[in-house]
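Heads up, the thing below is written out as structure tokens.
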Amino acid sequence: MQQVLNDLRWLGIDWDEGPEVGGPNGPYLQSQRLDIYRSYAERLVREGKAYYCFDTVEELTVLRDKAEAAKQGFAYTRPAVLPDEKDVARARAEGRPVAIRFAVNAPQGFVVDDLIRGKVRFGPAEVGDFIIIKSDGFPTYHFAVVIDDELMKVTHVIRGQEHLMNTPCHQALQDALGFRRPAYAHMSVTVSDSGGKLSKRERPVTLRKAIEKNAAADRAALAAAGGISAENLDGFLRGESMPDMPAVDAMARQLGVELPEINIVDFFRSGYIPETMVNFLGFLGFNPGGEREILRREELVSVFDIHRLTKANSLFDRKKLSSFNTEHIKMCTPETLLAHFKMFLAQTGSPLQKADDAMLSRMLHCCLGARTLAEIERKCRFVSADDDAIEFDPSAVEKVLRKDGGAATLPLVARRLGELKEVTAEAIEQVLRGLAEEKQVGLGKVAQPLRVAITGTTISPPIFDAVDMLGMDRTLKRIALAVRRFGTETNG
RNA sequence: GCCCCUAUCGUCUAGAGGCCUAGGACGCCGGGUUCUCAUCCCGGUAACAGGAGUUCGAAUCUCCUUGGGGGUACCA
């Protein structure tokens with residue numbers, strides 16, 4: 001619940017009334033509305049439109065199985081004589097569950113007039129008497145929404161297709177209570193590229209597969225990372241239990257596997273910006289008809305039309321999502337992007353948090369075209385690393401510094417850079433290009449060894465900016481360290 | 001089993017009987033730009049699920065089949 005609220009806020013979606021902001025139609029939490037539901041339920045019972053029932057879950061299961069065996073749909077059979085107060089008292093004394101069931105009265109069936117799908121018809125036998133108050137005293141979803149929609153003056157109910165079949169129940173209830181009927185729109189479901197529907201279960205399942213594949217993984221360390229016991233981990237691996245979200249995340253990190261993003265926060269942590277998510281999610285199951293797809297929130301709002309929601313399920317395409325992110329990162333104002341980046345760095349605990357705004361802005365500016373903020377962070381992390389603790393990518397060192405003899409050119413590069421009076425990206429560019437020309441080689445022959453020396457990898461922002469961001473002192477220090485470490489072996 | 005929804009390139013989709021030789025975007029493939037990774041610029045690949053109707057004419061309407069999804073709860 002709290003997470004949903006946080007997610008909405010991150011997306012920049014706010015609400016006029018509801019949890020946290022209050023409003024004229026509260027309270028907004030179902031747990032605070034129990035008395036309301038109960039009084040309406042009692043009214044229905046008094047009017048003979050609902051009745052108490054005492055079946056156990058087991059008894060109901062038997063009935064359902066019987067119906068299926070007979071190749072029939074199941075509908076609860078209403079007793080010929082509705083139970084009275086004495087029956088309730090007796091059931092309570094016997095320790096039987098006491099629930100309240102709504103007596104559906106619709107001999108001619110139901111028509112749901114859906115904004116997306118048109119009129120959908122259901123036969124009278126399709127909707128049996130259903131529970132409105134559970135034996136624990138809480139309302140079922142069906143009952144609570146109907147009451148809430150009426151009391152909160154809801155005009156449009158837009159929800160997942162999985163609720164289409166529930167709508168006759170809701171309408172029957174509205175009729176019995178004398179409520180008005182909101183307009184309904186049942187949206188298509190978003191399915192995952194890994195198969196079924198996009199579900200929270202995908203993350204733990206992916207993790208389990210990763211653990212199974214990686215036989216060498218240290219199970220004890222894994223359990224410790226997730227803060228769960230070895231038995232719990234075993235249970236999880238056997239498919240008997242699911243650890244909670246933080247545990248799953250922690251174990252994935254320990255194992256070094258990437259889990260598919262499902263929840264909105266997952267996308268935040270992966271470096272997507274809210275503008276992207278609003279645009280992309282808005283286009284899943286909706287299309288304004290034009291040829292433009294990259295839209296700002298205000299544009300999306302103005303172009304939205306409930307009648308243009310699509311009917312068929314849509315698949316969540318992460319490739320397209322990341323391309324949308326590239327576009328939105330490019331469209332952001334520098335200030336907005338900086339704010340997003342800082343939130344991202346804080347969330348992921350990046351060492352780049354130490355950098356000041358000017359430096360971070362520069363990083364963002366240099367990395368326009370990146371797919372995600374995570375990519376930018378990775379590319380620029382070298383700035384915050386300790387000069388003598390750079391992690392060298394072995395294959396980069398092997399190829400650039402050793403095999404191509406790059407280490408041998410570093411001392412000269414260092415000398416020329418050291419001679420610079422005024423250090424700017426432009427000046428650095430001049431030095432390096434001049435050097436390449438002098439040596440009759442491509443710029444790459446000079447830039448790549450330098451890049452590996454100061455970042456440890458072959459991936460970084462443009463080399464001139466990279467050197468400038470790092471500062472000349474640290475650049476020279478790193479070159480010296482790299483020469484000492486990788487240079488002599490090449491020469492001797 | 002029963003019930004409901006749904007069906008255009010690999011994916012998201014445009015398309016409401018002739019503007020369709022089916023458009024766009026992402027992806028993919030090829031080429032160019034480039035100091036790396038990206039970006040960027042050119043070009044290309046690729047779809048109306050199948051079968052019957054209706055109509056002068058069908059991606060568009062009807063029916064059937066098949067595929068996909070959902071529901072079938074004292075979960076939401």
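Only heavy atoms go into these numbers, but all of them, side chains included; no hydrogens, no water, no symmetry mates. Proteins come first, then strands; the chains are lettered A, B, ... in the order of their sequence lines, and each starts at number 1.
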How would you list, by chain and number, every residue that makes a ring pair (Phe, Tyr, Trp, His ring centres under 6.0 Å) with A/Phe179, sequence neighbours excluded? A/Tyr40
Polar atom pairs between nucleotides 19-24 of chain B and protein, under 3.5 Å, N or O only, would you list them?
residue: B/rG23; atom: O2'; partner: A/Glu291; partner atom: OE2; Å: 2.9
residue: B/rG24; atom: O4'; partner: A/Glu291; partner atom: OE2; Å: 3.3
residue: B/rG24; atom: O2'; partner: A/Glu291; partner atom: O; Å: 3.3
residue: B/rG24; atom: N2; partner: A/Glu293; partner atom: OE2; Å: 3.0

Acceptor/donor pairs from residues 104-113 of chain A side chains to any protein atom, 3.5 angstrom cut, sequence neighbours excluded:
residue: A/Asp113; atom: OD2; partner: A/Lys119; partner atom: NZ; Å: 3.4

Per the atom types in the model, does the base of B/rC26 pair as donor or acceptor with the side chain of A/Ser323 at under 3.5 Å? no
How would you label the contact of [X] with the nucleic acid (heavy atoms, under 4.0 Å): base, sugar-phosphate, or nothing?
{"X": "A/Ile463", "answer": "base"}
{"X": "A/Arg308", "answer": "sugar-phosphate"}
{"X": "A/Gly285", "answer": "sugar-phosphate"}

When you compare B/rU72 with B/rG30, how far apart are their P atoms, in angstrom units rounded to a whole number? 48 Å
Distance between C1' atoms of B/rC48 and B/rU60 (Å, rounded): 10 Å
With the side chain defined as heavy atoms from C-beta on, A/His163 is closest, among B/rA76, B/rC74, B/rU13, to B/rA76
From the set B/rU36, B/rC40, B/rU6, return the single nucleotide nearest to any side-chain atom of A/Arg117. B/rU6
Strand contacts (RNA chain B) in residues 102-110 of chain A, 4.0 angstrom heavy-atom criterion: none
With sequence neighbours excluded, residues passing side chain to side chain donor-acceptor pair (under 3.5 Å) with A/Ser302: none
Output all residues satisfying side chain to side chain donor-acceptor pair (under 3.5 Å) with A/Arg43, sequence neighbours left out; order by chain, then residue number. A/Glu47
Do the ring planes of A/Phe486 and A/Phe392 sit parallel (below 30°), tilted (30 to 60°) or perpendicular (above 60°)? perpendicular
For a 4.5 angstrom cut-off between non-hydrogen side-chain atoms, does A/Tyr184 reach A/His163? no
